Amino acid sequence: MTYNKRNKIIIKNTLFLYFRMILILGVSLYTSRVILKILGVEDFGIYNIVGGVVTMLTFISGAMTSATQRFLSFEIGKKNKEKLIQTFRMSINIHIIITIFIIIISESIGVWFINNYLSINPDRMRAANFVFQYSLLSFCFVIISTPYKANLIAHERMNIFAYISVIDVLLKLGAVLILDYISGDKLTIYSILISIISVFIFFILYIYNKLNFTTTSYTVYWSNELFYSLFSYTGWNLFGNMASVGMNQGINILLNIFFGPIINAARAISFQVNSAINGFVTNLQSALSPQIVKSYANNDIYYLENLVLLGSRFSFFLIFFLSLPILLKPNTVLNLWLNNYPPYTSIFCQLILVDSLINSLSGTLMSAFQASGKIKKYQITIGSILLLNIPISYFLLYFGLEATVTFLVSITLSLISLFVRLYLLNKLFPGISVKFYKTVLWRVIAIFIISYHSVWLIIDNFEDSLINFFITCVISWFIITINILLIGLSYNEKLKIRKLLVLKYRKLKEHKQ
């Protein structure tokens, strides 16, 4: 397959994922507004913290998703159908084992932790336990559906992945809308509806895969060698994902212990904003990841390195383009979106977006490690750095610092992790760190500094209003676009854009004649 054809596949898949993201973004933001209004701030915080106890186990699902997708993409790149079938069947077996393990851990340690350590009003403890049980049910079906979802991504069926994701988010919107018309405990009913949707989405994924891929027909199969390969790879991914959970849900629990559920609501809202913006970057990296793995399988290191560096640079550009207006005017966005919101929400939004800007540079770097399969040293090192978040944050909170300090710790550790990733990746692909500094890092730093200060000087005296926020967006996007064209693009990229524009102009001129 030629580079041009592979690039077209990436562009096509990215567009499908952006179609998915735009719809999900609009629906999710509206859903959050409605659910906050219906449940109230306290119940909204309870739902996020109790569901977060189950989400603490998502490091297992996340590790398995990465492992399954990597092995499936690798075998597709090698065009080894028999091994592809065996890999899929073993991944199903492993996910079933993991589901059973999670149920046992959750029903013992999870229930004990909720009832003894979380700061929840005693009157809402019964509802909190209901939420936990139904969140667990939802999560189990998410785990079982992982191989089917990974198979879609490995085969680069991003259009189907997009459609199913849109169905998922629309059903969740429907659950919220009908909630207002159902009598009873809204928090409990909402968790039941979400679990029903998770079961339904699993069956959609299962049926589509069964009808469209002969490689996903399941029969009883076991291979000790393949089990060891998958589980060994997953084991190190598991450690890395545990660290990621520590950066997120572990901090969520600490904030609940020190400040109560209101602060969890503020953090949940900031994560909603971050997820909405970060989803666009995740989509770009999802489109690139299968091609990075397949390039490694075909020993095409030149193309792999180009994708990694290009993905890192454009991931930052994209998230900065979307986040700058919110970094400058968070209160305006929150007032327009939610009207009433808990304390700390505004500063939380700003800090988490800064953290995401740093992490956006690492997405395709991580894909390169996954492609190589040599992740042991990487996961131990990066995981150990990220796991420092919980003890450092606990220490600082214990001595009376405000909740914002947890975000500052995350930002510092994310920055350290970026440079450590580059050092480790350079050992696998010699010279890639030098290319990163030359083609990525200096460009994104320059664009951030120049764009942020330029826009800030222009809009500093703007009052909070819808029209002023719209003007802020236009100014931000114009200045960022100019800086990307002048600083962010390489000479060859500028040349390609120039040629494309000349070609379009000529076609338009010929059409008019």
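Note that this is a predicted model, so its numbers are computed, not measured. The basis for the numbers below is simple: all heavy atoms, side chains too, and nothing from hydrogens, waters or symmetry mates.
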**Study point:** Candidate pair Y148 and F88, rule ring-ring contact (aromatic ring centres under 6.0 Å, His included), full reasoning
**Key:** CA-CA 9 Å; Y148 299 98; F88 183 83; 5.3 Å; yes

Exercise for review: Quick one: do L226 and R89 satisfy side chain to side chain contact (heavy atoms under 4.5 Å, CB included)? Show the steps, please.
Suggested key: CA-CA 10 Å; L226 193 51; R89 289 174 180 172; over 6 Å; no

Point to revise | Evaluation steps, side chain to side chain contact (heavy atoms under 4.5 Å, CB included), between V199 and F203 | key: CA-CA 7 Å; V199 175; F203 281 108; 3.6 Å; yes

**Study point:** F227/N93 under side chain to side chain contact (heavy atoms under 4.5 Å, CB included): CA gap, chis, key distance, verdict
**Key:** CA-CA 9 Å; F227 175 81; N93 293 336; over 6 Å; no

**Study point:** Intermediate values then yes/no, side chain to side chain contact (heavy atoms under 4.5 Å, CB included), L418 and L365
**Key:** CA-CA 9 Å; L418 171 63; L365 301 183; 4.0 Å; yes

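To the nearest 0.5 Å, the span separating CG on L353 from OG on S323 amounts to 5.5 Å. Atom OG1 in T215 sits 4.5 Å away from atom CG in L84 (nearest 0.5 Å). In this structure, CD1 in I85 is found 14.0 Å from OH in Y218, a value given to the nearest 0.5 Å. Atoms CG and CG, on N389 and L413 in that order, are 5.5 Å from each other to the nearest 0.5 Å. Here the CZ-CZ distance, from R421 to F369, works out to 8.5 Å after rounding to the nearest 0.5 Å. In this structure, CD1 in I319 is found 5.5 Å from OG in S360, a value given to the nearest 0.5 Å.
Using a 4.5 Å heavy-atom cutoff, the side chains of L254 and T406 are not in contact. I251 has its side chain within reach of R267: a pair of non-hydrogen atoms, C-beta onward, lies under 4.5 Å apart. The shortest distance between side-chain heavy atoms of S223 and Q86 does not fall below 4.5 Å. Contact of the F141 side chain with the L137 side chain is registered, since non-hydrogen atoms from C-beta on lie closer than 4.5 Å. For the pair L152 and L205, the minimum side-chain heavy-atom distance is below 4.5 Å. In this structure, N331 and Y341 have side chains that are in contact, with non-hydrogen atoms separated by less than 4.5 Å. Looking only at side-chain heavy atoms (C-beta outward), L397 and I257 stay at 4.5 Å or farther from each other. Counting only heavy atoms from C-beta outward, the side chains of E107 and L136 approach each other to under 4.5 Å.
Closest approach of S91 and P147 over heavy atoms only: OG-CB, 3.6 Å. Residues L255 and A403 come closest through the heavy atom pair CD2-CB, 3.7 Å. Minimum interatomic distance between P343 and I263 (heavy atoms only, all atoms of both residues): O-CD1, 4.5 Å. Y378 and M366 get closest at one heavy-atom pair: OH-CG, 2.8 Å. Heavy-atom minimum distance, N115 versus V111: ND2-O, 2.8 Å. In this structure, K329 and F469 approach most closely via the heavy-atom pair CB-CD1, 4.0 Å.
Remark: I392 pairs with L388, L396, V409 by the side-chain contact (heavy atoms from CB on, under 4.5 Å) rule, at least two apart or across chains. Checked against ring pair (Phe, Tyr, Trp, His ring centres under 6.0 Å), Y134 has no partners two or more places apart in sequence or in another chain. For I204, the side-chain contact (heavy atoms from CB on, under 4.5 Å) partners at least two apart in sequence or on another chain are I164, I167, F200, I201.
For the pair D355 (side chain) and L351 (backbone), a donor-acceptor distance under 3.5 Å is absent. For S106 (side chain) and I103 (main-chain N/O), no donor-acceptor pair under 3.5 Å exists by modelled atom type. The main-chain N or O of V308 is never found under 3.5 Å from a side-chain atom of S312 such that the two would form a donor-acceptor pair. Formation of a donor-acceptor pair under 3.5 Å by the S145 side chain with backbone atoms of V142 is found in this model.
Enclosure of atom OH in Y423 is not indicated, since only 12 or fewer non-hydrogen atoms of other residues, nucleotides or ligands lie within 6.0 angstrom.
F271 has its ring centre no less than 6.0 Å from the ring centre of F348. The ring of F321 has its center no closer than 6.0 angstrom to the ring center of F317.
The aromatic rings of F448 and F316 stand perpendicular to each other, their planes meeting at an angle above 60°, with 30° marking the opposite boundary.
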